[in-house]
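Before any comments, here is the structure.
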Amino acid sequence: MLAVRLHGGDGALHFDDIDVPVAADDDQVVVRVLGCGVCYSDIHVVDGDFGSEPRPLTLGHEVTGFSEEHGNVFVYTPWGCGSCRFCATGSEMICPDSHEAGLFDQGGYAEYMLVPHRRYIFPLGDLDPIDSAPLGCGGLTAFRAVKQALPLLGPGSRALVLGAGGLGQYAIQYLRMLSDAEVHVGDPDPAKCATAKELGAAEAAAPADLEGPYTAVLDFVAAQASLEEGVRLVDRQGILVAIGLHGGRVPFGFGAVPMEAKLTTSVWGSLGDFGELIQLAQREQIRHVVERLPLADAAIAHERLRRGDVKGRFVLVP
Ligand SMILES: [Zn+2]
Ligand SMILES: [Zn+2]
């Protein structure tokens with residue numbers, strides 16, 4: 001089968017013909033991959049930012065597939081050790097011994113994928129297996145971030161989404177479905193602002209042009225500039241959630257942040273979050289801004305993602 005893999009540390013994508021994986025026991029499941037989203041984390045893996053191993057390593061962690069036994073399924077990919085106190089509550093993405101598919105274990109840029117435990121398999125139902133593939137990371141990460149803010153987002157509240165790429169586009173929709181907040185979006189790209197308004201944002205503009213305070217700020221960029229904007233714009237007793245992996249840092253303490261504002265990170269999502277999100281997707285119409293590409297075009301997808309030449313999310317189709 002075709003698998004798109006990293007070999008050495010040079011970041012080159014190799015299009016390898018390898019054996020189809022075989023389940024070693026009853027708990028393992030081999031799925032035929034139907035779609036695999038391309039996440040910016042994949043670029044970080046290619047660039048060596050996470051020290052990903054083993055090598056060769058098949059990329060990809062937004063996977064839908066088909067198995068004879070389960071039909072069409074989502075694969076939960078932030079795999080943990082299964083036995084620590086975080087894994088015990090389903091928060092495998094926080095596990096200190098995690099081995100996420102496509103980052104520290106074999107992922108879904110391939111025709112088939114080995115899933116090590118059936119607890120990672122979730123029925124897809126009627127959802128489109130290609131369009132909904134990004135729910136596995138982009139959609140799930142945005143969902144957990146929104147959940148962190150939801151308790152504060154009653155009537156009269158305002159929520160700000162910083163960054164209207166793939167994750168921000170999901171967050172806008174979840175906020176509209178699940179909260180009473182008026183949703184604003186900060187993004188320097190006018191095209192992304194237009195998409196944000198189509199998805200239900202009441203206001204979308206460059207971050208510097210926005211006026212706070214906001215009850216919740218969800219920073220899907222979390223670079224230095226956006227986190228500083230977040231601290232400027234979040235309300236007293238509000239919440240600022242950092243989700244993006246662009247390495248920003250801001251000072252914390254009295255005088256540095258608004259009084260009693262909560263600052264937190266939000267990481268991917270738990271098994272419970274994923275189950276809730278899939279139910280939401282089956283109940284409501286979530287719009288996926290997706291461009292489909294053949295698996296053989298993985299390098300093109302990466303090159304375009306690096307340039308920012310993407311409206312939402314790419315999904316590779318084997
Ligand atoms: Zn991801
Ligand atoms: Zn664990």
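We count ligands from 1, going down the list as the structure has it; atoms in each ligand are counted the same way.
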Under the salt bridge (Lys or Arg N to Asp or Glu O under 4.0 Å) criterion, do Glu203 and Arg158 qualify, and how do the steps go?
CA-CA 11 Å; Glu203 169 104 46; Arg158 300 199 310 162; over 6 Å; no

Could you go through Arg307 and Glu303, starting from their C-alpha distance and side-chain angles, then the distance that decides it, and tell me whether this counts as salt bridge (Lys or Arg N to Asp or Glu O under 4.0 Å)?
CA-CA 6 Å; Arg307 276 195 279 126; Glu303 195 259 323; 2.8 Å; yes

So, does [X] use its side chain to make a donor-acceptor pair with the main chain of [Y] at under 3.5 Å?
{"X": "Asp27", "Y": "Arg118", "answer": "yes"}
{"X": "Glu111", "Y": "Leu2", "answer": "yes"}
{"X": "Arg55", "Y": "Gly8", "answer": "yes"}
{"X": "Tyr112", "Y": "Asp19", "answer": "no"}

Taking 2.8 Å as the strict upper bound, the Zn ion (ligand 1) has protein N, O or S neighbours numbering 3

For a quick test of reading the model, state the closest non-hydrogen atom pair linking Val161 to Ala171 and the distance between them.
CG2-CB, 4.2 Å

Please find the pair of heavy atoms, one from Leu280 and one from Leu178, that lie closest to each other, and give the distance.
CD1-CD2, 4.1 Å

Around the Zn ion (ligand 2), list the protein N/O/S atoms within a radius below 2.8 Å, excluding water molecules.
Cys81 SG, Cys84 SG, Cys87 SG, Cys95 SG

Check whether the side chains of Ser98 and Glu100 place a donor and an acceptor atom closer than 3.5 Å, and report yes or no.
yes

